[in-house]
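Here the structure comes first, spelled out in structure tokens, and everything after it is commentary.
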Amino acid sequence: MLRYILSRIPVTIAIIIGITAVTFFLLNVVPGDPVALMMKEHINPETIARVRNEMHLDDPAIVRYGRFMWGAVQGDLGRSYKLNRPVASLIIGALPNTLKLTAAALLVAWVVGIVAGVLSAVKQYSAVDYGAMAFALLGVSVPIFWSGILLQYLFGLKLGWLPISGMKDGLRSLALPAIVLGWASAASIARLTRSSLLEVMRTDYVRTAYAKGLRDLPVIIRHALQNSLLPVVTVMAMQIAGMLSGSVITESIFGIGGIGRVSVGAIQARDMPLLQGAVIFAAVLVVLANLLADLAYAFLDPRIRYD
Amino acid sequence: MTLLEVKDLKTHFFADSGAIPAVDGVSFSLEKGKTLGVVGESGCGKTVMSLSVMRLIAQPGKVVSGEIRLDGVDLLKLSNAEMCDLRGADLAMIFQEPMTSLNPVHRVGAQVSEAIRLHQGLTGAQARAKALEMFELVGIPDPARRMWNYPHQLSGGLRQRVMIAMALSCQPKLLIADEPTTALDVTVQAQILDLLRELQRKTQMAILLITHDLGVVAEMADQVSVMYTGKVVEYGHVFAVFDRPLHPYTQGLYRSIPSIADEERKRLHAISGVVPNLQQMPQGCSFWPRCEKAHDVCRVRRPPLVEAEPGHWVSCFLYGGEEVAASGE
Amino acid sequence: MNHMAELSEELELQGTTFLGDVWTAFRRNRLAMAGVLLVLLLLIVAVFAPWIAPHDPYKVNLTDQFLAPGGKYWLGTDMYGRDVLSRIIYGARISLVIGLVPTLVSTAIGTLLGMTAGYFGGRTDGLIMRLADIVLAFPSLLLAMVVMYTLGASLINIFIALSIVGWAGMARVVRAQTLSLKEREFVEAARAAGVKPWVIMRRHIAPNCLPQILILMTLAIPGAIMSEASLSFLGVGAAPPTASWGLMVSNGREYLLTAYWNSVYPGFAILLTVLGFNFFGDGLRDALDPFLKRQ
């Protein structure tokens, strides 16, 4: 198990370096002068030249990338043009909100998705099955910025049940954004759980379990579910990237000060270092989450754990 | 004493194009402590028949009629819950594929003790002790350690031993063994068969042995039932059927076994043609298209199962089925 | 798989031609047919927009601001008095083009790179697939946002952004397919006969990857439509006054309480379109499934 974890580390590091490189070069070929942007009022060519020089903006891109990476490994992601504060601390400040939101959304997605998937597989071709699959098809097709504002309108403004913005009310504030963000994932998990469970129910070892005299429920819970969740775990891992994409929109709609909202704000303010830091950070989160998912997979499947 | 009695069992599969009779009116009986070998080419309905006895036929298949009496109780009339109580306790089954019949994510010891806990009301520790006993009984080396292995860590022969341990853990009265040795190496095959015979002697269980291998039947069975396209074509004591095979199909099967003693026979005999598609069954006897001795009557009427000699039944007009059919049996 | 499954599968495999089988299976799937209808509807609306739309989608009419649905304007008007229905009809054009162009481009890139990686293996493979891993590590919307930041908001730039984001998933699938096809007899025979790699890829590998590619493409189209709508919603996609559905939802959001039709109807149009392509793609996958399994 430990060897398995260790074997993943070099690839992970390579990918993280790749992420920084891609982001850096995509953002640093941008036309326009960030210094002029920062100091709108007193545009003095000499000052600009001096600041450019101080910021090493005239060095070749590869040198600047090297300098950026040297800072990055020491926890320095540069300073925000707009807010003139260290990018790293701005991101660390926004991180808890994003983590809370995605954790809540993942919880919604897993619980709802697995329960719906199991129910519709067990009651195949029943009303429950059709209902769950309609819910799932809708979930993967609905634009979350639209479902977001509609739910906000319905539950927040019309019914007044839940707060519509910010994070002040703890779990209650998280309810709507988590449902909006988790729905699409819940939908694909439900569909995959259903098809995977149906397939596992036709395997020889499930027949063996029935031949032992087990009833439906223990067969499903003890023998079928764990096997059928193996492909689901892989998809869950792939969804984490999608979930961070979704959280950009959800954070914007629900006024949650997380990494997504920081990125959108950075774009609007043309604040390159902040955008760069936020995007790199989000991608690294995805990589780490994938690593975790690999471990979860190994935990569920002894054939990987012991080989 | 008759333990299992199956009467006119019919199991159909329902496809878009209509019902397919995978098992089409099968009858036989099996006594305590005895072994009935069911032979036939693949696709003749042996496996579906055995799963019907376990009531493990899944959609789109269904047992449509007949009786399956175990100790006089008709299994087809039991509720699902009652059937669950019997499965794994009074009647158990081992399957053809030891590689895929064990759950890959659970330790084999736990898979065996699960059945023990379920049917004998033992605690976890007691059930584990019993499972360990079973591992020893079926001859798994180093059983205490093997209990903690996952299926993928065991060889095919060991996995089949685990399956046998699981099936026998609650002293079933009837063991259904569906091609228990087909997927195994020849030497392992012999070991598994020896093991089954020895355990049968100890526990007096009856065995319903499904196989396409006449050698296995000769070694193990007391009675033989030969199946073709979902029907029993010949049935009797193993000596009678092997010494005097009556049905042309049985004769064909018998001639297709390679034999060392019979050296002058250079060529292996094969039955010509193939098993017909169950959806496009010929009228009359389903074997006539492949039969060397087919008569006109075979093409139109289905031969009934008749007792050609005491205890030896055959379904073929060569042995006087015509009068019986005419008399309206 | 157990005997029963095999038996019931054998009974189903009595088809005629490959395309005939796929079509029969597809036609039987009611959702897939509903998907085809929705996609056809989108196509017709997009192509004939000038004839269908009752009003000019870009004509500002300050006397008709925020009119409720009904009367002259079936789906009401927006803050500039523009007809919401006409804007939705013209928006279909944008969505369709956005759905198709980046998907075609990223499919072409992904197929080419995936086949190259799978066929040649070694360093080429390592380089291409690590690049794909890197692209897939980004939340796709954020990567697209970065590209849009660099290039600026415009339709062409959305094409570029979505193509950069989309090729990696395709490359992964095509590579896996190529790896298994490479071991097949007909490819080995061609290689032994001295056929050039590019010819083998074009003649033997690409056609055999086609079903997989088609499935991925039909499912990538709604993804691209959704991405454009999201980018536009966030203000980094289509620039006003473009009749983009995402932009319309975003602009109407402020007036949700007083003029819900500004946001609700364009969002509904996105939902129907994406639903249609998803039904279609799912149906196609199910219909092609026996073929994929036989491979």
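Just the heavy atoms: all of them, side chains too, but no hydrogens, waters or symmetry mates, feed the values below. Here is the naming used below: chain letters follow the sequence lines, and residue numbers restart at 1 for every chain.
- Between atom CZ of residue A/Arg215 and atom CZ of residue B/Arg87 there is a gap of 10.0 Å, rounded to the nearest 0.5 Å.
- For B/Leu118, the part lying near chain A is the side chain, with the backbone staying farther off; criterion is any non-hydrogen pair under 4.5 Å.
- Of all the heavy atoms in B/Leu56 and A/Tyr210, the pair that sits closest is CD2-CB, 3.5 Å.
- Scanning all heavy atoms of the two residues, the minimum distance from B/Pro104 to A/Pro302 falls at O-CG, 3.1 Å.
- One finds the CD atom of B/Glu97 at 11.0 Å from the OG1 atom of A/Thr208 (value rounded to the nearest 0.5 Å).
- Within the 4.5 angstrom heavy-atom criterion, atoms from both the backbone and the side chain of B/Ala81 approach chain A.
- Within the 4.5 angstrom heavy-atom criterion, only side-chain atoms of B/Met163, from C-beta onward, approach chain A.
- Around the NZ atom of B/Lys34, the shell of radius 6.0 Å holds no more than 12 heavy atoms that belong to other residues, nucleotides or ligands.
- Rounded to the nearest 0.5 Å, atoms NE2 (B/His106) and NE2 (A/His223) are 5.5 Å apart.
- Under a 3.5 Å cut-off, the side chain of A/Lys212 and the backbone N or O of B/Met166 do not form any donor-acceptor pair.
- A 6.0 Å sphere centred on CG of B/Asp142 holds more than 12 heavy atoms belonging to other residues, nucleotides or ligands.
- A/Arg207 is not listed as a side-chain neighbour of B/Met93, based on a closest heavy-atom distance of 4.5 Å or more.
- Both the backbone and the side chain of A/Leu214 come within less than 4.5 Å of a heavy atom in chain B.
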